[in-house]
There are 4 protein chains.
Amino acid sequence: MSFNELYVRKSEGAAARSRRETRRRLIAAGTELFARRGLYGATSSEIARQAGVAAGTFYLHFKDKQELFREIVFAALAELRAREDAAAARAPDRLTELRARYHELLRFADENRNLVRVLFGRRHEAADLGEDVLDAILPGLEERLREGSGSARLHPGVAAQALAAMVSRVLAWWVEDPGRASRDEVVETLLRLHPLVRTLERAHPTEAEET
Amino acid sequence: MSFNELYVRKSEGAAARSRRETRRRLIAAGTELFARRGLYGATSSEIARQAGVAAGTFYLHFKDKQELFREIVFAALAELRAREDAAAARAPDRLTELRARYHELLRFADENRNLVRVLFGRRHEAADLGEDVLDAILPGLEERLREGSGSARLHPGVAAQALAAMVSRVLAWWVEDPGRASRDEVVETLLRLHPLVRTLERAHPTEAEET
Amino acid sequence: MSFNELYVRKSEGAAARSRRETRRRLIAAGTELFARRGLYGATSSEIARQAGVAAGTFYLHFKDKQELFREIVFAALAELRAREDAAAARAPDRLTELRARYHELLRFADENRNLVRVLFGRRHEAADLGEDVLDAILPGLEERLREGSGSARLHPGVAAQALAAMVSRVLAWWVEDPGRASRDEVVETLLRLHPLVRTLERAHPTEAEET
Amino acid sequence: MSFNELYVRKSEGAAARSRRETRRRLIAAGTELFARRGLYGATSSEIARQAGVAAGTFYLHFKDKQELFREIVFAALAELRAREDAAAARAPDRLTELRARYHELLRFADENRNLVRVLFGRRHEAADLGEDVLDAILPGLEERLREGSGSARLHPGVAAQALAAMVSRVLAWWVEDPGRASRDEVVETLLRLHPLVRTLERAHPTEAEET
DNA sequence: AATGAATGAGGGTTCATTCAT
DNA sequence: TATGAATGAACCCTCATTCAT
């Protein structure tokens, strides 16, 4: 029995490993192809082929094309958020924190261009998914804006939409050709455009203004 | 001959009028259906049906689905621009001009919700088209930013992307439910977030700041 | 205008005629293939090919495979019923009427072997459809049995099921090879097995019994 | 050697027992799923899963899906026949025997509703199998009818088909909802409809007629 | 110019079956 | 003997587009 068990265990391990590897390759292939051709343009068969597996194998790992897409998007979002939070944790004040977040964001984008294209690029076919992604981001954004906006004439809902769009588009634009602007230029420009930085600038004019 | 000519002319006129009318209806139907279902979701046959013509007629007026889409998008853009310029012409200074432009933009959006959805809504399947649209808008934007940004730490390319994204998204968000914010709130928030207004504010702090 | 109308009319007529013809051929091909391979075994493409049209054309005429199947089955049922009723109308008494119905049924079956195979053959994949077909037949059957059964120990529901099964199977069996029994033999055997004929026989023993 | 032999035997015994158990569970799962979803609707993987084994295991026990289906059907048929014969053995005359057979049949059907659905229910996808099943039943039936029908105007082939269909359909109908008719009602109705009972009734009018 | 029936390539998806472990 | 990941053929169906009328 222990023999059998061992055999079974080993076998399961190999199978499971193979399965995970296949899944990983499907996700990688999906990320690239979705980025290149969009949700509609990419076909499940092509993704499978690029992953080096048969067409049917796709459906052993994902219920349908949408599911792979979701998976890719949310995994990316989660990683991004984690990295941003880690970068933010070390910041002494809010302006520094924001700058750190943006730097991290740019670094992440640079390392995951395909992902950025899928997430924020034109050809935003995320369809229903788009809702979910934004619903996951916007409320927090709005909240922070509401807290921080003070007496300013800023409508938090409007500002949240504006901010989210601004950042996501700049990102998508930048990864298309990072030579267009240095990381610092992008970060500093985004900072200047951030609704709350105006307030921060007032509080610490020397730091933000004197360049 | 002149008789015949007259007849032909008249006949051509009627045919041409009928043709133009068919085209107009196809564009109207396309606008609505693209807005409702997106570029991929809307089918050429459905557009034809909604326009009250046969499926094949579609292709007498447009090379393919993309062409109708282009047509709709650029016609809308042109009208929008004309109205904005008209509104801007009467402004005494740049802040007032910008405010007038935004107000006109919001009015236009309110009157053409479907168009806004097609142009800027999620499900931005404009695909290759998106490039063209933005290429048509962004250079001017960038130019103006370059002129106006003065010594500020703003990268014009980045800021142009940010601005375009900000405005287009806020528009798309607002037309989904105009009750979310008053027209004034939207305009004023967008103004506050505009890269150049910060500079303007500095120049004329009383006007923009004291509310 | 009358010219145009005429043209249009003629054109519509030709198109409509062509359409009807295509539909007719799809139905014919479907009847044969469903009979030969069953609902699952027959493929929409094969039906289209056999009808001499492209695969997609199938779906211009029928929502899906099931719909063609339904169409075939109910059209056949309707025709059968009409012919039976016509045959029955001339009968002076119930036994004669029933005999006439059975004779007409056999004649119909002989002329439409494929249809009989589809309707009653083994490989009864009519699935949900089967319900509808039987629901269309059984209630009337049961009603007549209830009226006619008199004091006999017959449960009308059971007898209705039995009768429907008996007739439909015999039909399917017979058309497989009509040489197995003469039309008269089939009719007379079915008559002898009919629940109500026993009663009738009792009433008029001479007519039904003395052979 | 005898030691070794013993060991091998014991080991084989355990393996064989396990194998038989797996097979038993596949058959049980197959019976249920074929009844619920039909031959096409049930998938080999689903049957394996319900049996608690891996997909591949299915094919260690059965050449293919059809084979399991055959197995189920013929095993059921054999059991049914055995029970019927046992019940019939105690009968003093043919009418009593037939009544006993029918009662046993109903009892069996009630206890094995899934089986009845597989065997005789609509969605008769037994396909080629159907032939075999009926070929196994009908000849005997026909023979008995030939013997018993005496001078009556009954074609034995026709009557055999009719009888088989009648009984199998009534069974399938009844197990769907046994509340539709009592066991006695079903049996008595079937008896009245049996080709030979007419003759029997003539012979023993008191028993069969006077109720 | 308009019609609308027809085309046919191509997509997503399923599932019976195989085979390395 | 059992596992279960993988295969890949096959199917249903959609729709942009063509073309005879």
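Below, read A as the first sequence line, B as the second, and so on, with proteins coming before strands; counting in each chain starts at 1. FYI, side chains are in, hydrogens and waters are out, and symmetry mates aren't considered; it's all heavy atoms of this structure.
In this structure, B:Ala48 reaches neither bases nor backbone, as no heavy-atom distance under 4.0 Å exists between it and the strands shown. Contact annotation for C:Ala51: no contact, since no heavy-atom pair falls under 4.0 Å across all strands.
Closest-nucleotide positions on DNA chain E for B:Gly56 and A:Gly56 were compared, and the one nearer the 5' end corresponds to B:Gly56. Summary of the strand contacts: A:Thr57 and B:Ala42 both lie near DNA chain F, and taking for each the nucleotide with the nearest heavy atom, the more 5' one is attributed to A:Thr57. The 5' end of DNA chain F is approached more closely, in terms of each residue's nearest nucleotide, by A:Glu21 than by the other of A:Glu21 and C:Phe58.
Here E:dA16 presents its P atom at 15 Å from CD of D:Glu67, a figure rounded to the nearest Å. Residue D:Leu60 contributes atom CG, which lies 7 Å from atom C1' of F:dA2 at whole-angstrom precision. In this structure, B:Arg49 atom CZ and E:dA2 atom P are separated by 19 Å, rounded to whole Å. In this structure, C:Asp64 atom CG and F:dC13 atom C1' are separated by 9 Å, rounded to whole Å. To the nearest angstrom, C1' of E:dT17 lies 17 Å from CD of D:Glu46. The CG-C1' distance, from C:Leu33 to F:dC11, rounds to 15 Å in whole Å. With rounding to whole Å, C:Tyr59 atom OH is found 4 Å from F:dC13 atom P. For the pair C:Phe62 CZ and E:dA5 C1', the interatomic distance rounds to 14 Å; values are reported in whole Å.
Within the 4.5 Å cutoff, the side chain of D:Thr22 has no heavy atoms near those of the D:Phe58 side chain.
Distances shorter than 4.0 Å separate some side-chain N or O of A:Thr22 from OP1 or OP2 on F:dA6. For B:His61 and E:dA1, the shortest distance from a side-chain N or O to OP1 or OP2 is not below 4.0 Å. Between F:dC11 and C:Thr43, no contact under 4.0 Å exists linking OP1 or OP2 to a side-chain N or O. One finds no side-chain N or O of C:Ser18 lying less than 4.0 angstrom from the OP1 or OP2 phosphate oxygen of E:dA5. At the phosphate of E:dC15, neither OP1 nor OP2 sits under 4.0 Å from any side-chain N or O atom of D:Ser45.
With a cut-off of 3.5 Å on both pairing distances, the Watson-Crick or G-U wobble partner of E:dT7 is F:dA16. Remark: E:dA2 base-pairs with F:dT21; criterion is Watson-Crick or G-U wobble with both hydrogen-bond distances under 3.5 Å.
The pair A:Glu46-A:Arg36 does not meet the salt-bridge criterion, since no charged nitrogen lies less than 4.0 angstrom from a carboxylate oxygen. Classification of B:Glu67 and B:Arg70 as a salt-bridged pair fails, no side-chain N sitting under 4.0 Å from a carboxylate O. B:Lys63 and B:Glu71 are not joined by a salt bridge, as no carboxylate oxygen comes within less than 4.0 angstrom of a charged side-chain nitrogen.
For B:Ala54, whose side chain is taken as the heavy atoms from C-beta onward, the closest listed nucleotide among E:dG4, E:dT7, F:dT1 is E:dG4. The side chain of C:Lys65 has F:dC12 as its nearest neighbour among E:dA1, F:dC12, F:dT21.
The line from NE2 of A:His61 to CD1 of A:Ile47 is 13.0 Å long, rounded to the nearest 0.5 Å.
Residues A:Leu26 and A:Ala48 come closest through the heavy atom pair CD2-CA, 4.0 Å.
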